[in-house]
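Heavy atoms only: backbone and side chains are in, while hydrogens, waters and symmetry mates are out. Each chain gets a letter, A, B and so on, in the order the sequences are listed, and its residues count up from 1.
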Amino acid sequence: DAEITQSPRHKITETGRQVTLACHQTWNHNNMFWYRQDLGHGLRLIHYSYGVHDTNKGEVSDGYSVSRSNTEDLPLTLESAASSQTSVYFCASSPDGRSYGYTFGSGTRLTVV
Amino acid sequence: GESVGLHLPTLSVQEGDNSIINCAYSNSASDYFIWYKQESGKGPQFIIDIRSNMDKRQGQRVTVLLNKTVKHLSLQIAATQPGDSAVYFCAERQGAQKLVFGQGTRLTINP
């Protein structure tokens, strides 16, 4: 069965370190998204991609980067982790078309100490 | 900026009763809306969607109502069960594929 997987599920890192969160989908979806979820803020969009080599900034993109070298993967990199980036991160994908929702991964809980 | 919001952050209902979760949106140009359910420790899960050319759509035990005049969206869950306990998010499509999510409503079921 097709799926979307995130790894790791939990990560603890130190302030200033570079961290990469993985997202892999086998739906063959062109569109992929990264959100962070914090209490009081719901889901906020970090970066998104509409296809290979396409990347776009969301509303909270500062301190994050993504790259899309193939259809299946959209890794999220925190260039220099900060305590404010402690959060739960969700990856999602969707097919093209105007009437489709997202399929979400199970999330990565990141703690920056 | 334009945003999607929710009227109530928490909702507590008796098992077997119907639940209604509300959502207000501000972008009158939005043409597609989705409700998601998120259980503890899991990612959001698609429940039901509706396009702006519809007023109502029904699924299994769930109904979504869209009132474009007042920019209001609601999710009705019939005969609420313990497994319905979760946080429910409405989402609004902005741009080609981008969704904007509301804050979420936590639904608690009392036995």
*Asks:* Is it the backbone or the side chain of B:I34 that comes under 4.5 Å from a heavy atom of chain A, or both, or neither?
*Replies:*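 Interface part for B:I34: side chain.
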*Asks:* Check for me whether the distance between the ring centres of A:F104 and B:Y36 falls short of 6.0 Å.
*Replies:*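 Yes, ring centres under 6.0 Å apart.
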*Asks:* Verify whether one side chain among B:E92 and B:S30 offers a donor that lies under 3.5 Å from an acceptor in the other.
*Replies:*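 A donor-acceptor contact under 3.5 Å links the two side chains.
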*Asks:* May I ask you to check whether B:F33 and B:Y25 place their ring centres under 6.0 Å from each other?
*Replies:*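 Ring-ring flag for B:Y25/B:F33: true, centres closer than 6.0 Å.
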*Asks:* Side chain from CB out, backbone as N, CA, C, O: work out which of these in A:Q37 comes under 4.5 Å of a heavy atom of chain B, or both, or neither.
*Replies:*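 Looking at A:Q37, just its side chain touches chain B.
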*Asks:* Which atoms of B:Q45 come close to chain A, meaning under 4.5 Å heavy atom to heavy atom: side chain ones, backbone ones, both, or neither?
*Replies:*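 The answer is neither part of B:Q45.
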*Asks:* Could you tell me whether the side chain of B:R61 reaches within less than 4.5 Å of the side chain of B:I77, counting heavy atoms only?
*Replies:*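 B:I77 vs B:R61: side chains touch.
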*Asks:* Side chain, backbone, both or neither: which part of A:L43 has an atom under 4.5 Å from a heavy atom of chain B?
*Replies:*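 For A:L43, the contact with chain B is made by backbone and side chain together.
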*Asks:* Taking every non-hydrogen pair under 4.5 Å, which of A:N31, A:N30, A:L45 racks up the most with chain B?
*Replies:*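 Answer, by heavy-atom pair count under 4.5 Å with chain B: A:N31.
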*Asks:* Between A:R44 and A:D38, is there a salt bridge with N-O shorter than 4.0 Å?
*Replies:*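 A salt bridge links A:D38 with A:R44.
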*Asks:* Counting only non-hydrogen atoms closer than 4.5 Å, does A:Y35 touch chain B with its backbone (N, CA, C, O), its side chain (CB onward), both, or neither?
*Replies:*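 For A:Y35, side-chain heavy atoms alone lie under 4.5 Å from chain B.
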